[in-house]
Chemist: 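Would you mind keeping the following structure in view while I ask a few things?
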There are 2 protein chains.
Amino acid sequence: MNTHITTIKDFYFKHNRLPSYREICTLCKYKSTRSAKLLIDKMEDTGLVERDGKKIVATELLGSLPVLGRVEAGFPAPAQEELLDTMTIDDYLVPNKSATYILEVSGESMIDAGLLPGDLVLVERGKPAKNGDIVIAEVDGKWTMKYFFQKNSRVSLEPANKNFRTIYPTQELKISAVVISTMRKY
Amino acid sequence: MNTHITTIKDFYFKHNRLPSYREICTLCKYKSTRSAKLLIDKMEDTGLVERDGKKIVATELLGSLPVLGRVEAGFPAPAQEELLDTMTIDDYLVPNKSATYILEVSGESMIDAGLLPGDLVLVERGKPAKNGDIVIAEVDGKWTMKYFFQKNSRVSLEPANKNFRTIYPTQELKISAVVISTMRKY
DNA sequence: TGACAAAGTAAACACTTGTTTACTATACTA
DNA sequence: TAGTATAGTAAACAAGTGTTTACTTTGTCA
């Protein structure tokens with residue numbers, strides 16, 4: 001039954017771990033661990049769980065959210081709310097977990113880039129900055145978040161807001177991180 | 001040792017599960033499971049893991065990212081890059097996992113709200129819309145994402161872009177979801 | 001109705017689990 | 001220097017683990 005799988009999913013969300021065969025028996029009212037094993041086998045075929053040796057481990061799929069189609073935000077358009085794919089937010093936003101940090105945006109200098117005050121940006125340290133990247137830079141001893149541009153070894157840090165000025169670092173410039181993704185909560 | 005904890009963290013990221021005491025012994029070159037238990041005890045005190053009966057379960061902390069301070073995006077300001085807190089992106093963005101879906105933004109009608117084409121929005125179904133919320137609405141049989149406003153039972157769906165017009169639903173209007181958070185990847 | 005596949009039961013298997021007790025080595029402080 | 005926490009070792013424990021084999025029930029479809 002598919003309901004049994006959602007039962008296990010619920011258990012996983014609640015306990016942050018997968019149930020054992022015996023626990024599955026209790027949850028699904030099985031009387032034999034064999035049935036539990038067959039259920040897990042099926043979930044392994046679906047890719048919901050996988051086996052690490054004899055251990056059963058949840059995959060990204062089990063902890064994922066359904067992804068729907070795109071909304072036509074420009075004008076009303078028919079967009080079937082079909083399930084396209086599922087994904088884990090963490091895995092989508094964070095490619096390199098060990099070098100990734102979160103910063104909170106304050107100020108409005110990047111507002112035209114869709115970065116509002118209070119937004120959180122995920123930055124990756126040690127990543128080389130390319131033209132057009134949004135970077136966290138330490139310029140003349142102070143921190144800032146700006147577009148990064150380099151032309152003939154001349155670096156400019158440009159805001160995404162007409163009311164702010166482009167910065168041309170004079171003394172020391174250290175690109176400490178590159179913005180790889182952003183998120184906002186309402 | 002603190003390095004032993006990061007060893008376990010690495011194992012957790014790699015295998016999506018915590019190591020057993022015997023595996024910890026191998027990882028940390030312990031010769032007794034007692035040492036492994038003491039390590040886990042310490043991690044439990046720190047809140048990195050917790051016990052579900054006899055089972056050891058990773059908490060949000062173990063799968064979390066370090067959160068730094070805020071960047072003064074408006075103008076260069078001294079912002080110590082101190083670790084403020086740690087958080088899991090999933091838990092931050094998704095309060096109600098079972099009713100949350102992901103949609104991709106297309107079009108530019110919400111651009112002044114910091115929603116660019118290609119952004120992903122997390123929407124929650126069945127949540128009542130309040131004035132000022134960004135909603136996914138099915139109006140006159142078509143889908144759209146707009147600001148929701150209601151004044152004396154008269155509903156208006158307003159874009160965040162001067163070049164688009166406010167929609168006043170005539171026939172059927174169905175608020176199918178409320179935008180609770182957004183994310184963007186560069 | 002009968003054949004057949006899928007799902008469930010029961011019991012036993014070898015193995016791993018976290019825990020505990022008693023003891024030893026190391027590090028640090030008064 | 002002696003005393004004392006802290007960290008590590010060794011061995012044994014009961015309980016729980018996933019797996020397997022043989023059998024029974026259930027459901028489906030020609």
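In what follows, chains are A, B, ... by sequence order, proteins preceding strands, each numbered from 1.
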Chemist: Going by salt bridge (charged side-chain N to carboxylate O under 4.0 Å, His left out), name the residues that satisfy it together with Asp133(A), two or more places apart in sequence or in a different chain.
Modeler: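 Partners of Asp133(A) under the salt bridge (charged side-chain N to carboxylate O under 4.0 Å, His left out) test: none.
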Chemist: Round to a whole Å and report the spacing from NZ of Lys29(A) to P of dT25(D).
Modeler: 22 Å
Chemist: Checking Cys25(A) now: which residues fulfil side-chain contact (heavy atoms from CB on, under 4.5 Å) with it, not counting sequence neighbours?
Modeler: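 side-chain contact (heavy atoms from CB on, under 4.5 Å) check on Cys25(A) returns Tyr30(A), Thr33(A), Ala36(A).
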Chemist: Tell me which pairs pass salt bridge (Lys or Arg N to Asp or Glu O under 4.0 Å) where either residue lies in residues 152-169 of chain B, with sequence neighbours left out.
Modeler: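 Output for this query is empty, none listed.
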Chemist: Locate the shortest heavy-atom distance separating Asp119(A) from Gly114(A); write the atom from each residue and the value.
Modeler: OD2-O, 3.7 Å
Chemist: When the distance from CG of Leu38(B) to C1' of dT6(D) is rounded to whole Å, what number comes out?
Modeler: 9 Å
Chemist: Quick one: Glu44(A) CD to dG18(D) C1', roughly how many Å, whole number?
Modeler: 12 Å
Chemist: Which residues, ordered by chain and number, are linked to Leu27(B) in its hydrophobic cluster, where ILVMFWY side chains connect at heavy-atom gaps below 4.5 Å, directly or through other members?
Modeler: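 Result for Leu27(B) is Phe11(B).
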Chemist: Name all residues meeting the side-chain contact (heavy atoms from CB on, under 4.5 Å) criterion together with Ile111(B); count only those two or more places apart in sequence or in a different chain, and write none if there are none.
Modeler: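 side-chain contact (heavy atoms from CB on, under 4.5 Å) check on Ile111(B) returns Glu108(B), Leu116(B), Asn161(B).
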Chemist: Quick one: what's the B/S/- string for nucleotides 16-26 of chain C, heavy-atom cutoff under 4.0 Å, read 5' to 3'?
Modeler: -BBBBBB----
Chemist: Give me each pair satisfying salt bridge (Lys or Arg N to Asp or Glu O under 4.0 Å) with a member in residues 28-41 of chain B, each pair once, sequence neighbours excluded.
Modeler: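 Listed by first then second residue: Lys37(B)-Asp41(B), Asp41(B)-Arg51(B).
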Chemist: Mind pulling the stems DNA chain D is in, i.e. runs of at least three Watson-Crick or G-U pairs, everything under 3.5 Å?
Modeler: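 Stems (3+ consecutive pairs) listed as C:1-30 with D:1-30.
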Chemist: What is the distance, rounded to the nearest whole Å, between atom NZ of Lys31(A) and atom C1' of dT24(D)?
Modeler: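 Atom-to-atom, Lys31(A) to dT24(D), this comes out as 13 Å.
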Chemist: In whole angstroms, how far is the C1' atom of dT9(C) from the CD1 atom of Ile24(A)?
Modeler: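 Rounded to the whole Å, the gap is 16 Å.
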Chemist: Looking at residues at least two apart in the chain, or sitting in another chain, which of them share a side-chain contact (heavy atoms from CB on, under 4.5 Å) with Ser20(A)?
Modeler: Arg22(A), Glu23(A), Lys55(B)
Chemist: dG8(C) P sits how many Å from Leu39(A) CG, rounded?
Modeler: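 The answer, rounded to whole Å, is 8 Å.
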